[in-house]
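First the proteins, then the strands, lettered A, B, ... as listed; each starts at 1.
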Amino acid sequence: MRCTFMAALSIMALMAIGALYPNQTFALDADDAPESVEIESLAELYQPVSFDHALHVEMADCVECHHHTTGQQPVDPNCLRCHAQSTETESISCEACHSAKRFYPEDLKERNQPELYHIDKPGLKGAYHLNCLGCHQQQGGPTGCQDCHALTKRGEQLFKVSIVPAENESGHDTHQ
Amino acid sequence: MKIKKLLNRRTFLKGSLAGSAAAVSLSRSPEAKAATFEGYPDSMGVLVDLSRCVGCRSCEAACNEEQQLPLPEKPFNDFSVFDELHHGQKRRTDETRYTVVNRYEVPGLDHPLFHKVQCNHCQEPACLTSCFVNAYTKTPEGAVIYDPKVCVGCRTCMVACPFYIPTFRYSSAFQPRIMKCIFCYDTRLKEGKPPACVEACPQEALTFGRRQEMIRVGRQRIRENQGRYVDHIYGEHEAGGTAWMYLSPVEFEEAGFDTSVPKEPILNYVKDFLSIVPMVLTIWPALFAGIHLLATRKDGIKKQQQTEGEAEK
């Protein structure tokens with residue numbers, strides 16, 4: 001009983017602080033960020049990506065990649081409809097929200113709620129590429145597949161890279 | 001015009017022949033069913049977003065492996081294939097590839113668009129309805145699959161398909177068969193997994209889920225990205241609705257889509273005609289044999305009378 005009372009009291013205290021500083025109190029800032037992140041949870045066809053987080057922090061606000069999760073206020077008016085007052089979430093890692101097992105039964109089941117707004121939330125692989133590549137194209141960052149991650153043995157096998165085309169056509173390879 | 005004529009004839013026959021009533025009612029019941037069939041409610045679909053595809057060909061590579069197709073002429077990271085023209089046309093699906101990605105340079109856009117082609121898995125497939133041995137099946141999961149064991153190799157499905165998808169394995173004299181995308185039915189879809197190409201796509205240009213859900217997702221994407229898409233989901237109604245549907249940032253013709261494909265199942269164009277085929281086959285022989293007998297009866301009687309008369313003389 002006493003415990004619940006204390007818990008309720010502390011929640012109320014937190015809410016009061018939240019009301020005083022709606023947008024800043026729980027927001028993370030660039031100093032909290034890791035120097036670099038090894039993106040390897042999906043590495044199969046390609047080798048892991050060594051993501052220079054510190055470099056990207058200099059170029060973009062947290063909100064541009066992390067949406068509303070760091071506690072910064074989103075820019076997109078569509079996001080603001082619900083997330084104007086959103087505070088930092090429990091986890092801000094990509095895979096906390098973006099499923100690595102996209103399109104598998106569990107993922108589809110999770111989305112099958114009539115009241116759910118985020119029916120079009122990409123999976124982890126989609127989130128990385130849509131987020132990274134879109135910006136890289138605009139900002140002149142690397143855009144070729146192997147600019148960010150080299151093919152693994154398994155990848156070379158899938159893409160049949162050992163095949164040498166019969167004719168000597170001079171096809172330019174924009175992705176290499 | 002021809003169909004109309006036949007229809008008139010049908011109404012005429014219906015009204016004038018008591019015998020035709022049974023045949024007409026028999027032939028009408030499946031027709032009525034087809035008219036109200038709106039597809040399996042929980043069938044799956046894929047939404048292809050042309051604005052997301054970067055032409056990496058991962059889908060082609062994944063398909064080749066999953067379906068154990070023959071080795072390609074060029075590796076899948078060779079992008080010179082986008083420059084290929086065969087008889088003045090871009091690449092097509094064939095016996096070595098169930099899906100191809102083609103590049104389109106669209107005037108006014110600073111980057112090319114990529115259009116992935118594969119079987120669209122129609123709600124009411126023309127290949128299926130045109131097949132007289134029922135080699136095709138539309139599964140409740142949404143896949144249009146093919147059974148080579150019953151196929152006689154007539155290739156009518158290749159003519160019937162509005163998207164030119166089924167192809168023939170001409171290279172094998174002993175195992176000729178139709179080759180087409182089967183939505184990875186055997187190995188994945190049946191178990192609730194996404195097809196190999198969808199899973200391979202890094203850009204999530206291919207979104208997999210219940211077809212009804214894909215339409216909702218498509219609408220949301222159009223609504224919330226004002227001006228970034230043409231306000232149309234290609235395949236929602238084309239050919240009576242397809243499981244694979246497309247979103248495009250430019251008019252669909254500009255990215256190689258056939259926009260003249262009718263908005264109703266191809267079957268509807270031949271249904272009226274086909275429904276009277278059984279009637280024609282069962283009633284006409286008897287009817288015309290009867291008419292023939294009636295018409296020749298007088299001659300027969302006349303001849304008999306003549307011969308009788310001659311005999312009396």
Side-chain angles (χ1 to χ4, degrees), chain A residues 42 44-46 76-79 98 101-109 111-112 114 116-134 137 143-146 148-149 151 154-167 169-176, chain B residues 42 44 46-47 49 51-52 54-58 60-66 71-84 103 110-112 188 191-196 198-210 212-214 216-221 223-226:
Chain A
L42 298 169
E44 190 204 350
L45 305 176
Y46 295 91
D76 189 334
N78 192 40
C79 306
H98 297 281
K101 275 291 208 182
R102 179 75 170 112
F103 304 126
Y104 275 69
E106 229 169 87
D107 173 60
L108 295 185
K109 207 175 140 194
R111 287 160 196 268
N112 194 19
L116 183 72
Y117 169 78
H118 285 295
I119 54 173
D120 196 19
K121 184 175 66 183
L124 188 57
K125 183 164 62 174
Y128 285 142
H129 288 100
L130 287 169
N131 213 346
C132 300
L133 206 53
Q137 276 163 349
T143 53
C145 304
Q146 301 209 52
C148 289
H149 39 33
L151 276 173
R154 170 84 187 85
E156 287 176 358
Q157 193 193 336
L158 184 90
F159 281 89
K160 316 271 189 279
V161 293
S162 57
I163 294 176
V164 180
E167 291 156 85
E169 282 176 292
S170 58
H172 59 280
D173 185 349
T174 50
H175 286 239
Q176 289 297 319
Chain B
D42 286 326
M44 307 305 278
V46 174
L47 185 68
D49 189 334
S51 73
R52 288 187 177 184
V54 292
C56 71
R57 301 186 67 208
S58 298
E60 289 187 39
C63 175
N64 178 280
E65 188 179 74
E66 182 75 21
L71 286 176
E73 279 172 23
K74 293 174 183 174
F76 289 106
N77 60 348
D78 184 337
F79 301 102
S80 67
V81 291
F82 295 135
D83 300 322
E84 284 178 18
R103 186 184 61 201
D110 58 351
H111 58 87
R188 294 172 146 266
E191 295 159 27
K193 291 189 204 160
V198 170
E199 191 166 340
C201 180
Q203 280 281 88
E204 218 165 283
L206 313 174
T207 309
F208 168 79
R210 278 180 53 230
Q212 286 307 320
E213 205 61 26
M214 290 304 98
R216 275 183 68 204
V217 167
R219 294 244 169 83
Q220 196 188 56
R221 226 177 264 179
R223 189 177 61 241
E224 287 176 5
N225 298 282
Q226 288 294 330

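Distance check: B:Arg52 CZ to B:Thr207 OG1 gives 5.5 Å after rounding to the nearest 0.5 Å.
Looking at B:Arg216, both its backbone and its side chain come within 4.5 Å of chain A, counting heavy atoms on both sides. Of the two parts of A:Pro114, only the backbone, made up of N, CA, C and O, holds a non-hydrogen atom closer than 4.5 Å to a non-hydrogen atom of chain B. Both the backbone and the side chain of A:Leu158 come within contact range of chain B, judged by heavy atoms closer than 4.5 Å. With a 4.5 Å cut-off on non-hydrogen atoms, A:Leu133 touches chain B through its side chain but not through its backbone. Of the two parts of B:Met44, only the side chain, counted from C-beta on, holds a non-hydrogen atom closer than 4.5 Å to a non-hydrogen atom of chain A. Residue A:Asp76: no heavy atom, backbone or side chain, is found under 4.5 Å from chain B. Contact annotation for B:Glu213: only side-chain heavy atoms (C-beta onward) come within less than 4.5 Å of a heavy atom of chain A.
Residues forming a salt bridge (charged side-chain N to carboxylate O under 4.0 Å, His left out) with A:Arg102 (at least two apart in sequence, or on another chain): A:Asp107, B:Glu204.
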Could you list the donor-acceptor pairs under 3.5 angstrom formed between side-chain atoms of residues 120-129 of chain A and any protein atom two or more places apart in sequence or on another chain?
residue	atom	partner	partner atom	Å
A:Asp120	OD1	B:Arg221	NH2	2.7
A:Asp120	OD2	B:Arg221	NE	2.8
A:Asp120	OD2	B:Arg221	NH2	3.4
A:Lys121	NZ	A:Cys97	O	3.1
A:Lys125	NZ	B:Glu199	O	2.6
A:Lys125	NZ	B:Ala200	O	3.3
A:His129	ND1	A:Lys125	O	2.9
A:His129	ND1	B:Pro202	O	3.1

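With salt bridges taken as basic N to acidic carboxylate O contacts below 4.0 Å, one links A:Arg154 and B:Glu65.
Other residues, nucleotides and ligands contribute over 12 non-hydrogen atoms within 6.0 Å of the CD atom of B:Glu224.
Between B:Cys56 and B:Ser58, the shortest heavy-atom distance links the atoms SG-OG, 3.0 Å.
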